[in-house]
Engineer: 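The structure under discussion is supplied below as structure tokens; questions concerning it will follow.
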Amino acid sequence: QMLLPEDPDLRIPGSREFVAALRIAAGEMEAADALLSAPNVDPRLRNALKTLVAAIGRQPLDADEPTTASEFLARSWWSQANWNIPAALLDARRARAIKDSALVFARIAQLEFASGNLAAARKACDAALAMAPEMATALTVRGFLSAAENRLEEAENWFERAMAVDPRLGDAWLGRGLVRYRRGRSTEALDDLRLAARRQRDRALFRAYLGRLEVVSGWTEAGLEELKLALELDEKDPTGWWFSALERFQRHRVNEAVEFLEGA
């Protein structure tokens with residue numbers, strides 16, 4: 001629930017943009033758009049926030065060319081939402097060229113990790129945590145880095161630190177769930193992945209991993225429903241296609257498995 005007065009004073013400089021950002025975070029896109037349409041809104045912040053709206057809704061981007069760090073970061077999210085990780089990373093680096101901040105370094109760390117650049121991801125993550133030791137997103141990246149290096153107990157501790165800061169962060173629950181599964185704690189792993197999916201219901205990635213783990217844990221019908229939902233939420237995310245193909249292949253339905261692989 002948003003802790004805002006019913007009728008905030010929008011005459012205060014910057015208040016309209018701030019309230020619009022909160023509306024976006026709450027998923028109230030129409031209310032945010034109405035706020036951003038006012039003539040006295042900072043044009044660069046309007047551009048950044050409208051880009052975020054397009055990213056969340058996976059809409060075509062209709063925005064001016066970025067010139068500020070905030071705008072480059074927003075476009076980075078839009079590119080990632082459209083599965084263009086190289087473009088997302090490039091924009092995050094452009095944001096850093098304008099301004100060093102914990103948020104920028106954490107964003108770079110996420111994208112370097114997604115690109116398989118573990119050393120670069122660790123360097124950026126360390127920079128973020130040096131500026132903001134309790135930043136949940138950076139703590140989560142450290143967890144994934146530790147997991148990638150097979151330091152599973154350490155990874156679980158990083159994820160739990162992130163959860164303590166922000167219990168709503170689905171990535172931390174996903175990470176701990178995957179680590180717990182690798183440590184042979186399947187029931188706890190399922191609990192974590194289910195919580196991740198509840199906290200961010202529109203994340204296809206969470207649904208795909210939950211579906212796969214439910215299938216291998218014997219919850220086949222529920223798992224198949226989650227995999228189906230993953231494809232409905234984001235057909236561009238290859239994870240749901242891969243796991244669906246694997247499930248068909250393991251049931252010797254090879255033609256269907258090939259069809260899912262082609263979808264990925």
Engineer: Hydrogens and angles aside, do Thr68 and Glu71 bring a side-chain donor and acceptor to less than 3.5 Å of each other?
Structural biologist: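 Yes, side-chain donor-acceptor contact under 3.5 Å.
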Engineer: Which pair of heavy atoms, one from Gly211 and one from Glu226, lies closest together, and at what distance?
Structural biologist: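 Residues Gly211 and Glu226, closest heavy atoms: CA-CB, 3.6 Å.
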Engineer: For a quick test of reading the model, state the closest non-hydrogen atom pair linking Ser101 to Met131 and the distance between them.
Structural biologist: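 Of all heavy-atom pairs spanning Ser101 and Met131, the closest is C-SD, 3.5 Å.
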Engineer: Can you tell me how far apart OG1 (Thr239) and CZ (Arg207) are? Round to the nearest 0.5 Å.
Structural biologist: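 If we round to the nearest 0.5 Å, Thr239:OG1 and Arg207:CZ are 14.5 Å apart.
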Engineer: Side-chain contact test, heavy atoms from C-beta onward, threshold under 4.5 Å: evaluate it for Asp237 versus Leu205 and give yes or no.
Structural biologist: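 The answer is yes, as the side chains (C-beta and beyond) meet within the 4.5 Å cut-off.
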Engineer: Salt bridge check, Arg142 against Asp126: does any charged N sit closer than 4.0 Å to a carboxylate O?
Structural biologist: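 Salt bridge flag = yes for Arg142 with Asp126.
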Engineer: Before accepting this row, confirm whether a basic side-chain N of the pair Arg151/Glu156 lies closer than 4.0 Å to the acidic partner's carboxylate O.
Structural biologist: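 Salt bridge flag = no for Glu156 with Arg151.
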Engineer: Check whether any side-chain heavy atom of Leu190 sits under 4.5 Å from a side-chain heavy atom of Leu210, and report yes or no.
Structural biologist: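 Yes, side chains in contact.
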Engineer: Can you hop from Val141 to Ile108 via hydrophobic side chains spaced under 4.5 Å?
Structural biologist: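 Per the 4.5 Å side-chain linkage, Val141 and Ile108 are not co-clustered.
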Engineer: Which of these passes salt bridge (charged side-chain N to carboxylate O under 4.0 Å, His left out) with Glu112: Arg122, Arg93, Lys123?
Structural biologist: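 Looking at Arg122, Arg93, Lys123, the match for Glu112 under the salt bridge (charged side-chain N to carboxylate O under 4.0 Å, His left out) is Arg93.
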Engineer: Quick check with a 6.0 Å cut-off and a 45 degree axis cone: is Arg203 positioned over the face of Phe206's six-membered ring?
Structural biologist: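 Yes; both conditions hold, so Arg203 lies above the ring face of Phe206.
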Engineer: Side-chain contact, heavy-atom cut-off 4.5 Å: Leu174 with Asp192?
Structural biologist: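 A side-chain contact under 4.5 Å is absent here.
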Engineer: Is there a path of hydrophobic side-chain contacts, each under 4.5 Å between heavy atoms of I/L/V/M/F/W/Y residues, joining Leu145 to Val179?
Structural biologist: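 Yes; Leu145 is reachable from Val179 via cluster members.
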Engineer: Could you give me the CA-CA distance, side-chain angles and deciding distance for Arg75 and Glu65, then say whether salt bridge (charged side-chain N to carboxylate O under 4.0 Å, His left out) is met?
Structural biologist: CA-CA 9 Å; Arg75 195 170 71 176; Glu65 186 66 19; 3.3 Å; yes
Engineer: CG of Asp62 to NZ of Lys50: how many Å apart, nearest 0.5 Å?
Structural biologist: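 That separation rounds to 9.0 Å.
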Engineer: Using atom types as modelled and distance alone, determine if a side-chain donor or acceptor of Thr140 lies under 3.5 Å from a backbone N or O of Ala136.
Structural biologist: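 Yes, because the side chain of Thr140 sits within donor-acceptor range (under 3.5 Å) of the backbone of Ala136.
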Engineer: If only side-chain N and O atoms count, and only distance matters, is there a donor-acceptor pair under 3.5 Å linking Gln80 with Arg107?
Structural biologist: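 Judged by distance alone, the side chains do pair up.
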Engineer: Write down the atom of Ser76, the atom of Ala88, and the distance for their closest heavy-atom approach.
Structural biologist: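 Where Ser76 meets Ala88 most closely, the heavy atoms are OG-O, 3.0 Å.
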Engineer: With distance as the sole test, does Trp241 use its side chain to make a donor-acceptor pair with the main-chain N or O of Glu235 at under 3.5 Å?
Structural biologist: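 Pair found, side chain donor or acceptor close to backbone of Glu235.
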Engineer: Salt bridge or not between Arg46 and Asp42? Use side-chain N to carboxylate O under 4.0 Å.
Structural biologist: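 Salt bridge absent between Arg46 and Asp42.
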Engineer: Side-chain contact, heavy-atom cut-off 4.5 Å: Trp219 with Leu213?
Structural biologist: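 Not touching, per the 4.5 Å side-chain cut-off.
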Engineer: Quick one: does Arg183's side chain get under 4.5 Å of Glu153's, heavy atoms only?
Structural biologist: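 Yes, their side chains come closer than 4.5 Å.
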Engineer: Ignoring hydrogens and geometry, is there a side-chain-to-backbone donor-acceptor pair from Arg199 to Pro167 under 3.5 Å?
Structural biologist: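 Between the backbone of Pro167 and the side chain of Arg199 there is a qualifying donor-acceptor contact (under 3.5 Å).
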Engineer: Using atom types as modelled and distance alone, determine if a side-chain donor or acceptor of Asn82 lies under 3.5 Å from a backbone N or O of Asn84.
Structural biologist: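 Between the backbone of Asn84 and the side chain of Asn82 there is no qualifying donor-acceptor contact (under 3.5 Å).
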Engineer: How about Tyr181: does its OH atom have over 12 heavy atoms from other parts shown lying under 6.0 Å from it?
Structural biologist: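 Counting other residues, nucleotides and ligands, OH of Tyr181 stays at 12 neighbours or fewer.
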Engineer: For Arg194, is there an ion pair with Glu214 - N to carboxylate O distance below 4.0 angstrom?
Structural biologist: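 Yes, charged N to carboxylate O under 4.0 Å.
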Engineer: Given 3.5 Å as the limit, does a donor-acceptor pair link the side chain of Asn117 with the main chain of Ala120, or not?
Structural biologist: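 Side chain of Asn117 to backbone of Ala120, a donor-acceptor pair under 3.5 Å: no, none is there.
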Engineer: Would you give the length of the straight line joining atom CG of Leu90 to atom CD1 of Ile85, rounded to the nearest 0.5 angstrom?
Structural biologist: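 Taking CG in Leu90 and CD1 in Ile85, the distance rounds to 12.5 Å.
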Engineer: Determine whether a donor-acceptor pair (N or O, by modelled atom type, separation under 3.5 Å) exists between the side chain of Arg161 and the backbone of Gly143.
Structural biologist: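 No; judged by distance alone, with no hydrogens or angles, the pair does not exist.
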Engineer: Report yes or no: do Trp83 and Asp234 form a side-chain donor-acceptor pair below 3.5 Å?
Structural biologist: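 Side-chain D/A pair, Trp83 to Asp234: present.
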Engineer: Looking only at heavy atoms, what is the nearest atom pair of Ala208 and Leu227, with distance?
Structural biologist: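 The pair with the smallest heavy-atom distance is O-CD2, 3.5 Å.
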Engineer: Hey, what do you get for CD1 (Ile98) to CZ (Arg94), rounding to the nearest 0.5 Å?
Structural biologist: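 Spacing of CD1 (Ile98) from CZ (Arg94) equals 9.5 Å.
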Engineer: Hey, quick one: are Phe144 and Leu118 part of the same hydrophobic cluster, counting side-chain heavy atoms closer than 4.5 Å, chains of contacts allowed?
Structural biologist: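 Linked within one cluster.
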Engineer: Considering the options Leu169, Asp166, Val165, which one meets the side-chain contact (heavy atoms from CB on, under 4.5 Å) requirement together with Leu139?
Structural biologist: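 Only match with Leu139 under side-chain contact (heavy atoms from CB on, under 4.5 Å): Val165.
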Engineer: Could you measure the distance from the CZ atom of Arg176 to the CG atom of Asn157? Nearest 0.5 Å is fine.
Structural biologist: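 Going from the CZ atom of Arg176 to the CG atom of Asn157 covers 10.5 Å.
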Engineer: To the nearest 0.5 angstrom, please state how far the CG atom of Asn47 sits from the OG atom of Ser70.
Structural biologist: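 Answer rounded to 0.5 Å: 10.5 Å.
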Engineer: Do Trp242 and Tyr209 sit in one hydrophobic cluster, given that two such residues count as connected whenever their side-chain heavy atoms are within less than 4.5 Å of each other, even indirectly?
Structural biologist: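 Hydrophobic grouping puts Trp242 apart from Tyr209.
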Engineer: Hey, are Asn255 and Arg248 close enough side-chain-wise for a donor-acceptor pair under 3.5 Å?
Structural biologist: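 On atom types as modelled, these side chains do not qualify, holding no pair under 3.5 Å.
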Engineer: Give the minimum heavy-atom separation between Ala162 and Ala172, together with the two atoms involved.
Structural biologist: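 Closest approach of Ala162 to Ala172, heavy atoms only: CB-CB, 4.0 Å.
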Engineer: Show the nearest heavy-atom pair for residues Ala81 and Arg58, with the distance to one decimal.
Structural biologist: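 Here Ala81 and Arg58 meet closest at O-NE, 4.0 Å.
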Engineer: Consider only side-chain heavy atoms of I, L, V, M, F, W and Y, link residues closer than 4.5 Å, and tell whether Val216 and Leu178 are in one cluster.
Structural biologist: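 Looking at the clustering, Leu178 is in the same group as Val216.
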Engineer: Decide, yes or no, whether a salt bridge links Arg251 with Glu247 under the criterion of side-chain N to carboxylate O below 4.0 Å.
Structural biologist: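 Result for this pair is yes, salt bridge flagged.
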Engineer: Counting N and O atoms only, with roles assigned by atom type, does the side chain of Trp77 sit under 3.5 Å from a partner on the main chain of Ile56, one being a donor and the other an acceptor?
Structural biologist: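 No, the answer is negative, given that no donor and acceptor are paired below the 3.5 Å cut-off.
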Engineer: Taking the side chain as every heavy atom from C-beta outward, state whether Asp91 and Pro66 have any atom pair closer than 4.5 Å.
Structural biologist: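 Not in contact.
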